[in-house]
Chemist: 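Sharing a structure below in structure tokens format, with a few things to ask.
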Amino acid sequence: MENNLPDHRKARGLSQQALADALGVSRQTIISLEKGRYDPSLPLAFKLSALFGCQIEDLFQPEAE
């Protein structure tokens with residue numbers, strides 16, 4: 001799954017650790033999300049969209065086939 005999570009995070013001035021702390025996950029989870037190695041759970045995707053004030057679809061897009 002493709003994402004623009006790093007852009008949203010940097011626009012808010014958040015470090016990976018600060019974002020992880022705000023979401024109650026590890027920094028490694030944020031790194032894996034940003035690199036596309038991990039797809040978020042639905043509850044985590046909702047937390048991210050609420051934190052950034054956008055739709056889940058604004059953060060994550062399915063990979064083109």
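Residue numbers count from 1 along this sequence. None of these values were measured; they are calculated from a predicted model.
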Chemist: I'd like to check the side chain to side chain donor-acceptor pair (under 3.5 Å) partners of Gln17; sequence neighbours left out, ordered by chain and number.
Modeler: Asp21

Chemist: Output every pair passing salt bridge (Lys or Arg N to Asp or Glu O under 4.0 Å) with a member in residues 36-54, not counting sequence neighbours, ordered by first then second residue.
Modeler: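 Every pair satisfying salt bridge (Lys or Arg N to Asp or Glu O under 4.0 Å) with a residue in residues 36-54: there are none.
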
Chemist: Apply side chain to side chain contact (heavy atoms under 4.5 Å, CB included) to Ala22 and list each qualifying residue two or more places apart in sequence or on a separate chain.
Modeler: Leu51

Chemist: What's the separation between atom SG in Cys54 and atom CG in Asn4, rounded to the nearest 0.5 Å?
Modeler: 8.0 Å

Chemist: Locate the shortest heavy-atom distance separating Leu5 from Asn3; write the atom from each residue and the value.
Modeler: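 Minimum heavy-atom contact is N-OD1, 3.0 Å.
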
Chemist: For residues 28-35, please give each side-chain donor-acceptor pair under 3.5 Å, one per line with the distance, not counting sequence neighbours.
Modeler:
from, atom 1, to, atom 2, distance (Å)
Thr29, OG1, Ser26, OG, 3.0
Ser32, OG, Gln28, O, 3.1
Glu34, OE1, Arg9, NH2, 3.3
Glu34, OE1, Gln16, NE2, 2.9
Glu34, OE2, Arg9, NE, 2.5
Glu34, OE2, Arg9, NH2, 3.4

Chemist: For Phe52, which residues count as a ring-ring contact (aromatic ring centres under 6.0 Å, His included) partner, sequence neighbours excluded?
Modeler: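 Expected list: His8.
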
Chemist: Please list, chain by chain and in numerical order, all residues satisfying side chain to side chain contact (heavy atoms under 4.5 Å, CB included) with Glu57, sequence neighbours excluded.
Modeler: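 So Glu57 forms a side chain to side chain contact (heavy atoms under 4.5 Å, CB included) with Gln55.
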
